[in-house]
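Letters go in sequence order (proteins before strands), and every chain restarts at 1.
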2 protein chains.
Amino acid sequence: MEAQLNLLSLREQVYTYLRKQMNLGVLLPGSTINIGKIAKQLGISKTPLRDALIHLEIEGFVTILPRRGVRVNIFELQNVKHAYNAIGMVEASVVMDCFDKIESSHILKLEELNERMISAIEKNIFERLFTTNLQFHDVYLDISDNELLKKFILPIKYRLYDFPRQNYISEWEKRNCKEHERFINFLKQGNPKKAATVLKDTHWSFEYQENFIKKFYNM
Amino acid sequence: MEAQLNLLSLREQVYTYLRKQMNLGVLLPGSTINIGKIAKQLGISKTPLRDALIHLEIEGFVTILPRRGVRVNIFELQNVKHAYNAIGMVEASVVMDCFDKIESSHILKLEELNERMISAIEKNIFERLFTTNLQFHDVYLDISDNELLKKFILPIKYRLYDFPRQNYISEWEKRNCKEHERFINFLKQGNPKKAATVLKDTHWSFEYQENFIKKFYNM
DNA sequence: GACAGATATCTGATATATCAGGTATCAGAT
DNA sequence: ATCTGATACCTGATATATCAGATATCTGTC
């Protein structure tokens, strides 16, 4: 059974498409999106495109300038800093609040995902790295039943991922995985505070990661 | 010059109108919004109404059920708990991160706003209480240049405000202002950690505020 | 040349028409 | 009585047409 039902609305498909275009560097920060043109290119009406753009605007990807155009938001060092700060804050907080719900199955999952990341980095296979990294962090994020938190940082993580960047930096990714390891070890030791600190002050610390961030985003 | 230029787009006006309808209990949680009917009532086309609803959906106020209707999201104790938790987390974090930027002018502003709230509560004038309370918290939130944080919690605060509730509870509001005072005092003493703790573990602690919350929202 | 007003063009915003998926109801077969 | 398929209706989704604000360009006056 190879048939796939296309269950996504046009609006959702356009949202994903535009995100992808930003990820591929086709829609660059600061550039304008012409609703009429894109709709024609995609062979659709302006309506679902507008719907998708409203969604993207609320999530911070674009700014709709009424009757003037749609601008892809610039993404500069300050934005990265804010993103890192917000993510670190939420993730550290979740670890502190949910530590007593973390079980050995979660630890195993964390270790498995981190191993998968390390393996991919050594083979210079980066296609799935972002996704696996998301899954890694989601292991503990999903323990929190406060869906507001994840809903807050996920678009921010996508923003970090979807904006133009250089190639992946092996050295940085390896270091990130080392930080994952340290995080896991503190969890295993029953020390949520130290684990949270790894997230907040190292892994998601803009200051700590600044040099690699600048290289990665060519800033 | 009494003329006011209507600079808001229809979409924005509809967004505000719908928020107000929820606030007034006209649009109750769990109820459905019929796009065709509302558009007719408002004398507008469905388009700006749809636009506004997309916005409201992303912020958590409604759920658009494709081709079936639009539902006002229910708002139960669990949602309040998550809201309080998220706000407390962000506000405490901002205080810790930005403490060195808090000046005496900020303290004065905090005291003035809290006085204004106390005065209004004593006179049983609650119309502006939410707004003044927002301003109070915004004094230190605005110090952070991370616009992601405020952008995250503001719709959550509006959700807390916009859903059906009982009359304001003087006793609770007075207690809230007392907590504000304690918060201010810790700031004055140069103790950001204690100040942040007031926010996280008292003022925005669901557990601490649970009884009043239940009364306020009749849950 | 500078400025102001008129006009043209651009592009998103809104209105209207039509479509399409979801649900309810009906009719026929077992 | 139950089940299945057909049909009708509902309602948001999408397409198309038109509008309206923003900007660029042109023209006339000083």
Compile the donor-acceptor pairs under 3.5 Å between side chains in residues 210-219 of chain B and protein atoms, sequence neighbours left out, one pair per line.
from     : atom 1 : to       : atom 2 : distance (Å)
B/Glu210 : OE2    : B/Lys214 : NZ     : 3.2
B/Tyr217 : OH     : B/Leu160 : O      : 2.4

Give every donor-acceptor pair under 3.5 Å between a side-chain atom in residues 41-56 of chain A and any protein atom, sequence neighbours left out.
from    : atom 1 : to      : atom 2 : distance (Å)
A/Ser45 : OG     : A/Thr47 : N      : 3.2
A/Arg50 : NH2    : B/Asp51 : OD1    : 3.3
A/Arg50 : NH2    : B/Asp51 : OD2    : 2.3
A/Asp51 : OD1    : B/Arg50 : NH2    : 3.4
A/Asp51 : OD2    : B/Arg50 : NH2    : 2.3
A/His55 : NE2    : A/Glu59 : OE2    : 3.1

Once pairs are restricted to Watson-Crick or G-U wobble with both distances under 3.5 Å, how does DNA chain C read as a dot-bracket string, [ ] for crossings and | for other-strand pairs?
||||||||||||||||||||||||||||||

How does protein contact run along nucleotides 12-23 of chain D, one letter per nucleotide 5' to 3', with B for base contact, S for sugar-phosphate only, - for none, heavy atoms under 4.0 Å?
BBBBB---BBSS

Salt bridge (charged side-chain N to carboxylate O under 4.0 Å, His left out) contacts in which one or both residues fall within residues 133-151 of chain A, not counting sequence neighbours:
A/Asp138-A/Lys150, A/Asp142-A/Lys150

Taking salt bridge (charged side-chain N to carboxylate O under 4.0 Å, His left out) as the test, write out the residues that go with A/Glu112, two or more places apart.
A/Arg116

What residues form a ring pair (Phe, Tyr, Trp, His ring centres under 6.0 Å) with B/Phe126, not counting sequence neighbours?
B/Tyr168

Roughly, in whole Å, what's the span from CD in A/Gln41 to C1' in C/dT11?
15 Å

Taking B/Arg71 first and then B/Glu57, would you say they form a salt bridge - that is, a charged N and a carboxylate O separated by under 4.0 Å?
no

For residues 60-69 of chain A, which side-chain N or O atoms pair as donor and acceptor with protein atoms under 3.5 Å away, sequence neighbours left out?
from    : atom 1 : to      : atom 2 : distance (Å)
A/Thr63 : OG1    : A/Asn73 : OD1    : 2.5

What residues form a side-chain contact (heavy atoms from CB on, under 4.5 Å) with B/Leu108, not counting sequence neighbours?
B/Glu111

